[in-house]
Amino acid sequence: MEKVIIIGTGCAGWTAAIYTGRANLSPLVLAGDQLGGQLTTTTEVENYPGFPQGIMGPELMMHMQEQATKFGARVEYKKVTSVEKNGSTFNVTCGEGQYETETVIVATGADPRHLGIDGEEKLIGHGLTSCATCDGAFYRDVPVAVIGGGDSACEEATFLTKFASKVYLIHRRDELRASKIMADRALSNEKIEPVWDSQVTEYLTDDGEMRAVKVSNLKTNDETEIELKCVFVAIGHVPNAQFLEGLVETDENGYIVQKPSCTKTNVEGLFAAGDVADHVYRQAITAAGDGCRAALEAERYLADNE
Ligand code: NAP
């Protein structure tokens, strides 16, 4: 019987592992097929406190893992396929194997949606990203584009006008899905140029870096090229909570619902931390903070149930 199983190895998962490790709970971290975390696919991280010169995303994740294992966290590369409540404990199933545990911390994150264009994966961190807060400041005085028409796209486009010389807002329809206030703010910003009824069909590169996008107008079928240095894709995220279907309450977009001001869920003993429960902030530091809260709450839950 494990005390704590942590599912996921992003900032939330490792932070939960550091805290539960230091609480002598010997957490078991289930990492899936490979170590996760959106920072493993980014380049430089400039906004994580404590690194004034910035730090490479994968390096930061390695430090977190080292810190967690130093305090007794054990890591297994197994992908969780389901979690069931069994009285006051949980059965965590990984394919053919199964673990029993008193508490579960779910920190499986959310995957940004991408367009599915050829060569996309290689371009991530080289002019293709899903996070304006993380990467916007790298693109000063150059043109960039945001793809999408929701609140995220409008928020990111408006934020990017602080740095970029011009922000193309490429949307597949002729009206935005975003709330009126966010849409108005974006459309009234003179640095933002909407590109309506348009779909990006190709990313064009120069020496492995983004150089331009090929855009097709869905009404006229006209094709144009837009020169730019970075594309910010804001077409939504997919929270990785499908394996908990039927057990945990999720919202209409699939994010796990946390109880107010904590990481508790509707299932006693199961806590959710980081992007799998957060569609608003989605930052490394907020995910880490959530991992800390989940660990402290799991520790208290175990003490109360002793
Ligand atoms: P969203 O509301 O689902 O919008 C996604 C956008 O991407 C839509 O405009 C959609 O186009 C477009 N899209 C989806 N798939 C596409 C594809 N394959 N190709 C091209 N375009 C595609 O997602 P979101 O903007 O990330 O927002 C998610 C939730 O977070 C929402 O509830 C939002 O209100 C909330 N949010 C709130 C704030 C805030 O209040 N500060 C900020 C960000 C997000 P269509 O419009 O044609 O469907």
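Sequential numbering from 1 along the given sequence is applied to the chain's residues. All ligand and atom numbering here is 1-based and tracks the order in the structure.
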Exercise. Which bit of Val280 gets closer than 4.0 Å to ligand 1, counting heavy atoms only: side chain, backbone, both or neither?
Worked result: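 It is neither; nothing of Val280 touches ligand 1.
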Quiz prompt | Short N or O distance, Arg282 and ligand 1, threshold 3.5 Å exclusive | solution =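 Checking ligand 1 against Arg282, no N or O pair falls under 3.5 Å apart.
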For ligand 1, which is the ligand I care about here, please tell me if Glu155 has any N or O atom under 3.5 Å from one of the ligand's N or O atoms.
yes
Margin query: When you measure from the heavy atoms of Met182 to every atom of ligand 1, does any distance fall below 4.0 Å?
Written below: yes
Closer than 4.0 Å to some heavy atom of [X] - which atoms of ligand 1 meet that?
X      : answer
Gly150 : 4 (O), 6 (C), 9 (O), 25 (O)
Ser152 : 24 (P), 25 (O), 26 (O), 27 (O), 43 (C), 44 (C)
Gln199 : 19 (N), 20 (C)
Arg173 : 45 (P), 46 (O), 47 (O)
Gly149 : 6 (C), 8 (C), 9 (O)

> Phe163 vs Phe159 aromatic rings, parallel, tilted or perpendicular, using cut-offs 30° and 60°?
Replying inline: perpendicular
Q. Should the ring pair Phe232 and Tyr139 be called parallel, tilted or perpendicular, given that the plane angle runs from 0 to 90° and is split at 30 and 60?
A. perpendicular
Between CD of Glu175 and CG of Asp197, what distance do you get to the nearest 0.5 Å?
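CG of Asp197 is found 10.0 Å from CD of Glu175.
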Check your understanding: Which value, rounded to the nearest 0.5 Å, describes the distance between Tyr19 atom OH and Glu297 atom CD?
Key ->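 Reported value, rounded in 0.5 Å steps: 13.0 Å.
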CZ (Arg211) with more than 12 external heavy atoms under 6.0 Å:
yes
Looking at Gln242, I want to see if its CD is surrounded by more than 12 non-hydrogen atoms of other residues, nucleotides or ligands under 6.0 Å. yes
Under a 3.5 Å threshold, yes or no: a donor from one side chain and an acceptor from the other, between Tyr99 and Lys78?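 Indeed, the side chains of Tyr99 and Lys78 share at least one donor-acceptor pair under 3.5 Å.
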**Prompt:** Between the side chains of Thr263 and Gln258, is a donor N or O closer than 3.5 angstrom to an acceptor N or O?
**Reply:** no
Pick, from [options], the option with the minimum heavy-atom distance to [atom].
atom                    : options                        : result
atom 7 (O) of ligand 1  : Ile235, Asn253, Ile170, Asp174 : Ile235
atom 23 (O) of ligand 1 : Gly236, Ala178, Pro112, Ser198 : Gly236
atom 33 (C) of ligand 1 : Val200, Val233, Asp151         : Asp151

For [atom], what's the nearest protein heavy-atom neighbour? Residue, atom name and distance, please.
atom                    : result
atom 3 (O) of ligand 1  : Arg177 CD, 4.4 Å
atom 10 (C) of ligand 1 : Arg172 NH2, 3.8 Å
atom 29 (C) of ligand 1 : His279 ND1, 4.1 Å

For Cys134, the disulfide (SG to SG under 2.5 Å) test, sequence neighbours excluded, returns Cys131
Could you tell me whether atom 42 (C) of ligand 1 has at least one protein heavy atom nearer than 4.0 Å?
yes
**Prompt:** Does some non-hydrogen atom of the protein lie less than 4.0 angstrom from atom 31 (C) of ligand 1?
**Reply:** no
>> Check this for me, if you would: do Glu193 and Lys166 make a salt bridge, where the nitrogen-to-carboxylate-oxygen distance has to be below 4.0 angstrom?
In response: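 Counted as a salt bridge, because a side-chain N and a carboxylate O are separated by less than 4.0 Å.
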* Presence of salt bridge, Glu2 and Arg74, under 4.0 angstrom -> yes
